[in-house]
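Read the numbers this way: they start at 1 and go in the same order the structure lists the ligands and their atoms.
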Amino acid sequence: MSTRSSTASVLFVCLGNICRSPLVEAVARQRSAQAGLAVTFASCGTGNWHIGKGADPRMVRAAAAAGYDLSPHRARQVRGEDFNAFDWVLAMDCDNLETLVSVRDGRGAPAELFLPWSGLRTPMEFPDPYFGDMQGFQEAVALAERGVDGLISRLRAP
Ligand code: 4NP
């Protein structure tokens, strides 16, 4: 049985749920509210290392500089029921997608790649900034904004 609500809902998924997916969640929440779009957003990770922790401090800093507040975020791991609870489950990269396909095990919403789903041709995968420098985190913010603008256009389309 589906547990979906009447409001459209999107779950963003990365590996640790401390960098990319919480960033995209915060950007999507802010920009969709500005666009007057009623959509529920959430995020999670395929891995279990950071469950219960806040977003990476470098990601928090880069997001804050662009006006996005990641301080309330707490990481959680994806679970099978997520595919019944959300309309779309969008992975940041192909590794995440592969894991999601096996967790989904045929139920509910299909798992797809976030950036192509949002209409971006390049890049197809959202680069992981975790092992890089601050510039990678700043670039992640700009890419999240591009992806979210595409996602909002898609959700708005009749
Ligand atoms: P995220 O980044 O998937 O964008 O949250 C990462 C966070 C943590 C790790 C890798 C990527 N890690 O190896 O702990």
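Under the 4.5 Å side-chain contact rule for hydrophobic residues, F126 and W117 share a cluster. Under the 4.5 Å side-chain contact rule for hydrophobic residues, L155 and V148 share a cluster.
Looking at H73 and N17, their side chains come closer than 4.5 Å, going by heavy atoms from C-beta outward.
Relative ring orientation between F12 and F114 is described as perpendicular, the plane-to-plane angle rising above 60° on a 0-90° scale split at 30° and 60°.
Ranking protein heavy atoms by distance to atom 12 (N) of ligand 1, first place goes to Y130 CE2, 3.5 Å. The closest protein non-hydrogen atom to atom 1 (P) of ligand 1 is C14 SG, 3.5 Å. The nearest heavy-atom contact from the protein to atom 4 (O) of ligand 1 is R20 NE, 2.8 Å.
With hydrogens and angles ignored, the 3.5 Å screen pairs no side-chain donor or acceptor of R154 with any backbone N or O of G119. R20 places no side-chain N or O within 3.5 Å of a backbone atom of G16 that could act as its donor or acceptor partner. The backbone N or O of A109 sits less than 3.5 Å from a side-chain atom of R104, completing a donor-acceptor pair.
Of all the atoms in ligand 1, the ones that sit under 4.0 Å from a non-hydrogen atom of F131 are 13 (O). Counting atoms of ligand 1 from 1 in the listed order, those under 4.0 Å from a heavy atom of I18 are 5 (O), 7 (C), 8 (C). Ligand-side atoms of ligand 1 in range of D128: 2 (O), 4 (O), 6 (C), 10 (C), 11 (C), range being under 4.0 angstrom from any heavy atom. Taking every heavy atom of C19 and a limit of under 4.0 angstrom, the matching atoms of ligand 1 come to 1 (P), 2 (O), 4 (O), 5 (O).
The side-chain tip of R58 points at the ring of Y130 from less than 6.0 angstrom away and within 45° of straight on.
Checked by distance only, ligand 1 and L15 come closer than 3.5 Å through their nitrogen or oxygen atoms.
Heavy-atom separations between F126 and ligand 1 are all 4.0 Å or longer. M59 does not count as a contact of ligand 1, since none of its heavy atoms falls under 4.0 Å from the ligand.
Heavy atoms of H50 found under 4.0 angstrom from ligand 1 belong exclusively to the side chain.
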